[in-house]
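Heads up: numbering here begins at 1 and tracks the sequence. These numbers come from a predicted model, not from an experiment.
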Amino acid sequence: MPSSRSPGLLAIYPHITSRDRLLLQLLDDHQVLTTDQIHRMLFHARRTCQIRLGELAALGLLDRFRFHRAGGGSHPWHWTLGHQGHRFQAAAHRRPEPTLRATRQTVHRLSANPHLHHLLTANEFFVRLTAHARHHPGTRLDRWWSERATTKQFRTITADGHGLWSSGEVTVGFFLEADTGTEPLGRVVAKLDRYALLTRRGGPRYPVLFWLASEHREEHLHQHLDDDVPCATATHTADPAEAVWLPAGATIRVRLADLPSDHGQPVADNPNYDDGLFVA
């Protein structure tokens, strides 16, 4: 944690680059990212990434933690906002400035969160899309909403994330269900009722993407799916931008950009529209 003698926020401004600002915003939105995830999204050289993260931590903009690995060694560093990072983001978004105690509590609760692995898995999905777009001109991740943001905007659903993915002239929306294998499949499928309700209210009819830990679980999930809500499945080993998605009832895998997608109606509670116009 930064000491009481850490520099004031204004003194740090000359050291913050545009890439740093993007990283701070990503951590503000999505809470935690590993060194490897940050490297793939924002840096070319891993060593450059490691050095810069260390510099940002020394400025108090970032904080980090990691865990012991069974069999020896440690897991990768997990990065989150430090106290100065929380102050910077609070100023940028006109939020009340956090106290040092509040910042410490936030980091401690995050590091001890029993759902941390699930959070990192959901983030990894979007990290892969972001990394894919870096190396494939004409593709881009236009929207990455966390579980919290998705729930706030769509209200009736509790997806692990929501995104808009563009390839050429095609823009596909989707909802993510990042499955780590801990829930019974019946409970997983029951979540689809809320997506059906969202569509009936004029909201988007986006495919629900079940990102699964194994092919065995994927096979069993398909036995429970129907065509009431568009769904597709893939496993954690796949590049989610590629032809890895198996729609319910299909036998051929397709690209994310090839999945059916309907942005819904321009109704008041559909966040895709502003004054009747679609906004990414």
Side-chain angles (χ1 to χ4, degrees), residues 1-2 6-7 9 12-46 48-67 74-131 133-134 141-153 159-163 176 178:
M1 290 294 177
S6 60
L9 191 59
I12 294 176
Y13 281 8
H15 303 281
I16 301 176
T17 67
S18 58
R19 181 169 59 188
D20 298 335
R21 285 175 178 264
L22 177 55
L23 176 57
L24 293 176
Q25 186 61 56
L26 285 169
L27 290 173
D28 193 18
D29 290 339
H30 307 293
Q31 302 185 63
V32 60
L33 294 164
T34 66
T35 302
D36 180 62
Q37 289 174 331
I38 295 170
H39 167 220
R40 282 181 283 141
M41 285 194 296
L42 299 177
F43 291 84
H44 293 292
R46 183 177 181 85
T48 302
C49 174
Q50 292 171 327
I51 292 172
R52 188 55 184 163
L53 292 176
E55 292 170 345
L56 295 176
L59 291 170
L61 290 165
L62 300 185
D63 207 340
R64 65 181 185 177
F65 57 88
R66 64 180 176 182
F67 303 99
S74 300
H75 284 280
W77 283 112
H78 295 52
W79 296 90
T80 188
L81 290 179
H83 183 55
Q84 299 288 40
H86 277 287
R87 293 181 67 206
F88 183 87
Q89 288 301 111
H93 296 283
R94 299 183 179 181
R95 301 194 299 250
E97 181 165 318
T99 64
L100 179 57
R101 179 181 180 183
T103 297
R104 285 175 172 166
Q105 288 178 338
T106 298
V107 176
H108 293 166
R109 290 170 181 169
L110 177 62
S111 63
N113 186 343
H115 303 295
L116 178 62
H117 173 64
H118 181 265
L119 174 59
L120 283 167
T121 299
N123 286 350
E124 174 64 18
F125 181 91
F126 291 94
V127 168
R128 291 190 191 181
L129 288 179
T130 303
R134 291 186 72 189
L141 182 62
D142 294 312
R143 182 188 291 171
W144 172 6
W145 285 358
S146 66
E147 177 184 1
R148 177 175 54 191
T150 302
T151 301
K152 179 180 179 181
Q153 293 290 342
D160 295 321
H162 158 62
L176 174 66

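- Using a 4.5 Å heavy-atom cutoff, the side chains of Met41 and Leu33 are in contact.
- Aromatic ring pairs are classed by plane angle as parallel below 30°, tilted from 30° to 60° and perpendicular above 60°; the pair Phe67 and Phe65 is perpendicular.
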> Run the side-chain contact (heavy atoms from CB on, under 4.5 Å) check on Arg52 and Leu42 step by step: do they pass?
Replying inline: CA-CA 11 Å; Arg52 188 55 184 163; Leu42 299 177; over 6 Å; no
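- If you run side-chain contact (heavy atoms from CB on, under 4.5 Å) between Gln89 and each of Arg87, His93, His86, only His93 comes through.
- Side-chain contact between Thr35 and Arg64 is absent, with no heavy-atom pair separated by less than 4.5 Å.
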>> Checking Thr103 against His83 for the side chain to side chain donor-acceptor pair (under 3.5 Å) test, could you report, in this order, the C-alpha distance in whole Å, the side-chain angles of both residues, the deciding distance, and whether it holds?
In response: CA-CA 6 Å; Thr103 297; His83 183 55; 2.9 Å; yes
>> Between Leu62 and Leu23, does the side-chain contact (heavy atoms from CB on, under 4.5 Å) criterion hold? Intermediate values first, please.
In response: CA-CA 10 Å; Leu62 300 185; Leu23 176 57; 4.0 Å; yes
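- Asn113 places no side-chain N or O within 3.5 Å of a backbone atom of Leu110 that could act as its donor or acceptor partner.
- You'll find the side chain of His44 reaches within 4.5 Å of the side chain of Arg134, heavy atoms only.
- Applying the side chain to side chain contact (heavy atoms under 4.5 Å, CB included) rule to Arg40 yields the partners Asp36, Gln37, Glu124, Val127, Arg128, Ala131; only residues at least two apart in sequence or on another chain are considered.
- At least one donor-acceptor pair under 3.5 Å links the side chain of Ser111 to the backbone N or O of His108.
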>> Checking Gln84 against Leu59 for the side-chain contact (heavy atoms from CB on, under 4.5 Å) test, could you report, in this order, the C-alpha distance in whole Å, the side-chain angles of both residues, the deciding distance, and whether it holds?
In response: CA-CA 8 Å; Gln84 299 288 40; Leu59 291 170; over 6 Å; no
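- Counting only heavy atoms from C-beta outward, the side chains of His30 and Phe126 never approach each other to under 4.5 Å.
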> Given the rule in the side-chain contact (heavy atoms from CB on, under 4.5 Å) test, do Ile16 and Phe88 qualify, once you have shown the distances and angles that lead to the verdict?
Replying inline: CA-CA 10 Å; Ile16 301 176; Phe88 183 87; 3.8 Å; yes
